[in-house]
There are 2 protein chains.
Amino acid sequence: MSITSDLLRGHTDTIILKQLLKSDSYGYEINKSIQERTRGRYELKEATLYSAFRRLEETGLISSYWGDETTGARRRYYTITGSGKKMYAKNLDDWNEAKEIIDELIKEEGK
Amino acid sequence: MSITSDLLRGHTDTIILKQLLKSDSYGYEINKSIQERTRGRYELKEATLYSAFRRLEETGLISSYWGDETTGARRRYYTITGSGKKMYAKNLDDWNEAKEIIDELIKEEGK
DNA sequence: CACAAGTACCTTGACAGACATAGTATAACG
DNA sequence: CGTTATACTATGTCTGTCAAGGTACTTGTG
């Protein structure tokens, strides 16, 4: 991984919600997908991922169910809820604003 | 403040270093400057600011000296060091990369 | 067949950065 | 003369990330 975790901090939830917006998924798959999408520049640590799931489910932004795999390890699938979708939209807005603010504050040419 | 602190997390040091790049400054002034630059959308909490100073000084990225105010409260001024400048440049690069990665991961239209 | 590697999930405890709260001290203003 | 603004400090809490360790099943390899 090339960037530090503090820069990604606070985005984990949004990243997960985004993945679930496309379709239900499970931990391992989500993480693989993230690695692919970023061409290996970023991966969620397992502990981070699963603690995010717990947090998101506790606050009602996602819900989960066990898959009915007849073979292989069991998978816990997650679904984004209505309030999860709202939260995603809000987080995206917040991100766009934060991006602007941070740029203003740290860009060299400054204003 | 409109954006959450987790989104700003990890940028505090860079924001401070950026301010000191222009000229030596002190805590209160830096914070005021941030509020102005962001038109009130962001301010560092005092505890955050001063603990960042301590951290930056301990790691040699800034150094400090007491101002010789003949009036008003005493001010502790901070100067950015050589390694502070390098760190600033590195953090800026990291930010540009992180920005790209996060956008890829959370933007609606996806990839 | 034994064993490594890959898939898939979970728990515990530690750490660091942001922050709330509270305190000290001086100057300016009405 | 009390409030507001300036200016800094110290202590303790909270939360997200992560390291480390564990369980369990499947597939490939020699």
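Chain naming here is simple, since letters A, B, ... match the order of the sequence lines and numbering starts at 1 in each. Values in this document were obtained by computation on a predicted structure and should not be read as measured data.
- Spacing between atom CZ of A/R9 and atom C1' of C/dC19 amounts to 12 Å, rounded to whole angstrom units.
- Of the inter-residue distances, the one linking B/M87 atom CE with B/I62 atom CD1 reads 12.5 Å to the nearest 0.5 angstrom.
- Between the CG atom in B/L7 and the CG atom in A/L7 there is a gap of 11.5 Å [rounded to 0.5 Å].
- The phosphate of D/dC8 has neither OP1 nor OP2 within less than 4.0 Å of any side-chain N or O from B/R54.
- A donor atom on one side chain and an acceptor atom on the other are found under 3.5 Å apart for A/S33 and A/Q19.
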- Query: Given the rule in the ring-ring contact (aromatic ring centres under 6.0 Å, His included) test, do A/Y78 and A/Y26 qualify, once you have shown the distances and angles that lead to the verdict?
  - Reply: CA-CA 6 Å; A/Y78 294 94; A/Y26 56 96; 9.4 Å; no

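- When rounded to the nearest whole Å, the span between CZ of A/R55 and C1' of D/dC18 equals 13 Å.
- Between A/Y26 and C/dA8, a side-chain N or O to OP1/OP2 separation shorter than 4.0 Å is present.
- As a whole-Å value, the separation of A/L8 CG from C/dG17 C1' is 16 Å.
- Within the structure, every side-chain polar atom (N or O) of A/K45 is placed at least 4.0 Å from both OP1 and OP2 of D/dA20.
- Atom-to-atom, CZ of A/F53 to P of C/dA8 comes out at 13 Å; the value is rounded to the nearest Å.
- Residues B/Y88 and B/D13 have side chains that never bring a donor and an acceptor to within less than 3.5 angstrom of each other.
- Under a 4.0 Å N-O distance rule, the pair B/E104/A/R39 qualifies as a salt bridge.
- For A/R75 and C/dA8, the shortest distance from a side-chain N or O to OP1 or OP2 is below 4.0 Å.
- The phosphate of C/dC10 (OP1 or OP2) has no side-chain N or O of A/Y50 nearer than 4.0 angstrom.
- Counting to the nearest Å, the P atom of D/dG16 and the CG atom of A/L44 are 14 Å from each other.
- Between B/K32 atom NZ and D/dT6 atom C1' there is a gap of 8 Å when expressed in whole angstrom units.
- Counting only heavy atoms from C-beta on, A/E46 has its side chain closest to C/dC10 among C/dC10, C/dA20, D/dT9.
- Put simply, CG on B/L49 is 10 Å from P on D/dT9, counting in whole angstrom units.
- A close approach under 4.0 Å does occur between a side-chain nitrogen or oxygen of A/T12 and OP1 or OP2 of D/dT17.
- Put simply, B/T48 has a side-chain N or O that comes within less than 4.0 Å of OP1 or OP2 on C/dC19.
- Between A/S51 and B/Y28, the residue whose closest nucleotide on DNA chain D is further toward the 5' end is B/Y28.
- Within the structure, every side-chain polar atom (N or O) of B/R74 is placed at least 4.0 Å from both OP1 and OP2 of D/dA7.
- B/N91 has its CG atom 12 Å from the P atom of C/dG17, to the nearest Å.
- The terminal axes of the helix from C/dC1-D/dG30 to C/dG30-D/dC1, fitted over 5 pairs per end, subtend an angle of 10° to the nearest 10°.
- Backbone-only contact: A/R76 has heavy atoms under 4.0 Å from sugar-phosphate atoms and none from a base.
- The distance from atom CG of B/L61 to atom CZ of B/R55, rounded to the nearest 0.5 Å, is 10.0 Å.
- The B/A47 side chain lies nearest to C/dT21 when the options are C/dT21, C/dT11, C/dA16.
- Between B/A52 and A/W66, the one whose closest nucleotide on DNA chain C sits nearer the 5' end is A/W66.
- Residues that satisfy the side-chain hydrogen bond (donor to acceptor under 3.5 Å, both in side chains) test with A/E46, not counting sequence neighbours, are absent from this structure.
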